[in-house]
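Working notes, beginning with the structure itself.
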2 protein chains.
Amino acid sequence: MKSSRITIKDIARIAEVVPSTVSAVLNGKEKSARISSALSDKIKKIADDMGYQPNSMAVSLRTGKSRIIGLIVENISNPFFALLAKELEDEIYKYHYRILYCSTENNDEKGAGQIKMLYNRQADGFIIAPSSGMNKSIKQLMQTKVPIVLIDRYFPELEVASTLVDNYKGVELGMKHLIEKGYKNIGFISVDINQAHMTEREIAYRNELELAGIKPNEKFQLKINYTIENKKEAIKKFLKENSALDAVFFATNYLCIAGLEAIADLEIQIPTQLAVICFDDHDLFHLFSPKITAVSQPIAEIAKSAVKLLVNQFDTKKYPVRSKEQILLAPKLIVRASS
Amino acid sequence: MKSSRITIKDIARIAEVVPSTVSAVLNGKEKSARISSALSDKIKKIADDMGYQPNSMAVSLRTGKSRIIGLIVENISNPFFALLAKELEDEIYKYHYRILYCSTENNDEKGAGQIKMLYNRQADGFIIAPSSGMNKSIKQLMQTKVPIVLIDRYFPELEVASTLVDNYKGVELGMKHLIEKGYKNIGFISVDINQAHMTEREIAYRNELELAGIKPNEKFQLKINYTIENKKEAIKKFLKENSALDAVFFATNYLCIAGLEAIADLEIQIPTQLAVICFDDHDLFHLFSPKITAVSQPIAEIAKSAVKLLVNQFDTKKYPVRSKEQILLAPKLIVRASS
DNA sequence: CTGAAAGCGCTTACAG
DNA sequence: CTGAAAGCGCTTACAG
């Protein structure tokens, strides 16, 4: 790596050919450009010796492809998204793409700005876990024909590819488990948004209660706003007011974290005094909270199928053709021995 | 956002001016280009109405600046790096930069390739938590004069800016705590690499033992290779062979995770049968393992100071001037009530 | 087989 | 005050 960059012009000068010949050789087009293998080898050797590295910006400008994928998630530090980011990195690398990530923090305007930014940067594709109001900005983005895959969350009204975990099924598994175990007063703590992945979980909760012949009690449900500072206190208040609860279902992982803190503060014993189930959990939960039951999302599978859905759109001969395929992966119920 | 992109040419045509005028206006150079405010307003309005978005690739090619920062870490899904990634995202955004991340998995060649890739992509700066053998590729990178900041790990022989946590201090704090509490047979489990951040922790362990008048016992130290598949089994074996241990110090978080699994398997009680201290921990550890003592790294501060060291190098009038500044942050010992 | 030229979308001297 | 031109580093028709 030299201080001043080597360009194909430099190589061309030394090899005494014209830059386009260098370009053809370095792009493996010797055959179609019918360049002698002697010359081709000479050029390759010079490029190698000089430590030539192509300028991706120039390539992108010329070809219109950046080989960058925009990843937009709620928060990259959330273990679920962090694990997903790693799996996506590995998976997308196989296709020679790289990821530029953004955290929306569930802020629709922030997300819209990030879409715009990534589009300006000529992102070749988008993988988005959208916040609840991003349907508008995603709809706009769809008009550009750029490949998009939604993950984790989706909008039923948008015809766009998505990889989801069966949210309904996940809560159903968890609820059936609790009910089988004889729990009757089951609370449900979810995020206060009107977004399909969350409402599906809520509907499953209510349906499963009714299937078990238990009338849902409005008081046993708590919806917490993402932006609320002190989630722990909200949950503490809820638990105190509903001492009849014998089990609680957290619809997402960060609420469960806050909830476990609240439970610790209140010195409630898990699972003897209160059974706990958490959706959206991950390895660390399994390790550190052997007493809570988990609805686990198959993160590696999510990444694999999201990338597949994305590159399918690249491959299409009649590119760009929007894929509308939806992949629904099965969640897994993880019951620890002690619960 | 339209399907076909709007360029300054389009705007120029409609405004009946030449593209350079549009460029000047849109870059806030009306003053120096002495363009009438009437014309300037007209151009701005047209750009707005047409939804003009500049092509970052073209800007980058022309200006030589990509506004991309390359982030290279061991593993983006490691909670320490995931939290760092979020803090860096927020911090660097203030300067209108974006992050392209890469996980080395402690593989030097992989890391070298990632440096090369990011350099090709014209990254304006690098934030790197290097693996042990990356000193060569970083030395090469330094020759290009591109701003670099090392985080978490460094190479004493390289004159490059870095933000570190005082590793020695961290282990010292933990060891003094254990010794005060009366523990005598303290084990130390670290990563089998010859890298400053790790060796400093190890030296602190041995020094603190000696300071306390305890002769270090070679058998009480375990070094585990990063690539080893089954770290849990290695730790189980170590713990079984050293039943005399009354405390164990994990030099890094993923070893502690494996260790806690091993400890659970062996049905050893923390802290009554074995006290546990973990370096490099994070919020989740605090939450789920109230019984282990933590040496905690100030992640937000690390991000802030790394970004500061980086942008300082951008700001330099005599750019590029390599900063050699090293910031050493203090770790914190977190002792939970129950330990 | 090989080379000259155009152009991707910008910005930046420079000319008038 | 405003416009014409060059050029960032590539790739891609096209001409011979």
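Here is how names work: the chains are called A, B, and so on, in the same order as the sequence lines, proteins then strands, and each is numbered from 1. Values in this document were obtained by computation on a predicted structure and should not be read as measured data.
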Given Y226(A) and E74(A), is the side-chain contact (heavy atoms from CB on, under 4.5 Å) satisfied, shown in steps? CA-CA 11 Å; Y226(A) 178 84; E74(A) 182 182 296; 3.0 Å; yes
Between T104(B) and S131(B), a side-chain donor and acceptor under 3.5 Å: no
Taking N120(B)'s backbone N and O only, do any of them form a donor-acceptor pair with S56(A)'s side chain (distance below 3.5 Å, no angle check)? yes
Please report, rounded to the nearest Å, how far the [atom2] atom of [N] is from the [atom1] atom of [X].
X: I11(B); N: dT11(C); atom1: CD1; atom2: P; answer: 11 Å
X: Q122(A); N: dC10(D); atom1: CD; atom2: P; answer: 18 Å
X: K9(A); N: dA4(C); atom1: NZ; atom2: P; answer: 13 Å
X: I43(A); N: dT11(D); atom1: CD1; atom2: P; answer: 13 Å
X: Q53(A); N: dC10(D); atom1: CD; atom2: P; answer: 10 Å
X: M57(A); N: dT11(C); atom1: CE; atom2: C1'; answer: 16 Å
X: R121(A); N: dC8(C); atom1: CZ; atom2: P; answer: 22 Å
X: I8(A); N: dA4(C); atom1: CD1; atom2: P; answer: 14 Å

If we call it a pair only when both distances are under 3.5 Å in a Watson-Crick or G-U wobble match, what pairs with dT2(D)? dA15(C)
Are M134(A) and I115(A) close enough, and set up right, to give a side-chain contact (heavy atoms from CB on, under 4.5 Å), and what steps lead you there? CA-CA 10 Å; M134(A) 277 176 74; I115(A) 285 181; 3.8 Å; yes
Map Y52(B) and V17(A) onto DNA chain C by nearest heavy atom, then report which one ends up closer to the 5' terminus. V17(A)
I want to confirm an ordering. Mapping E16(B) and L61(A) to their closest nucleotides on DNA chain D, which one lands closer to the 5' end? E16(B)
Please write out each protein N/O paired with an N/O of nucleotides 12-16 of chain D under 3.5 Å, distance rounded to 0.1 Å.
{"unit_1": "dT12(D)", "atom_1": "OP2", "unit_2": "K29(A)", "atom_2": "NZ", "d": "2.9"}
{"unit_1": "dT12(D)", "atom_1": "O4'", "unit_2": "R62(A)", "atom_2": "NH2", "d": "3.2"}

Quote, to the nearest angstrom, the C1' distance that separates dG3(C) from dT11(D). 14 Å
Using atom P in both nucleotides, what's the gap between dA13(D) and dC1(C) to the nearest angstrom? 22 Å
Which part of the nucleic acid, if any, lies within contact of [X], taking any heavy atom under 4.0 Å across all strands shown: a base, the sugar-phosphate backbone alone, or nothing?
X: V18(A); value: base
X: I35(B); value: sugar-phosphate
X: S36(B); value: sugar-phosphate

What do the steps show when you test S60(A) against Q122(A) for side chain to side chain donor-acceptor pair (under 3.5 Å), and what is the final call? CA-CA 8 Å; S60(A) 295; Q122(A) 320 295 114; over 6 Å; no
State which of dT2(C), dC8(C), dC10(C) makes the closest approach to the side chain of L39(A). dT2(C)
Can you measure from CD1 (I6(B)) to CD1 (I11(B)) and round to the nearest 0.5 angstrom? 7.5 Å
Go through the steps for Y93(A) and R98(A) under the test side-chain contact (heavy atoms from CB on, under 4.5 Å), then give the verdict. CA-CA 6 Å; Y93(A) 178 70; R98(A) 293 291 175 171; 2.9 Å; yes
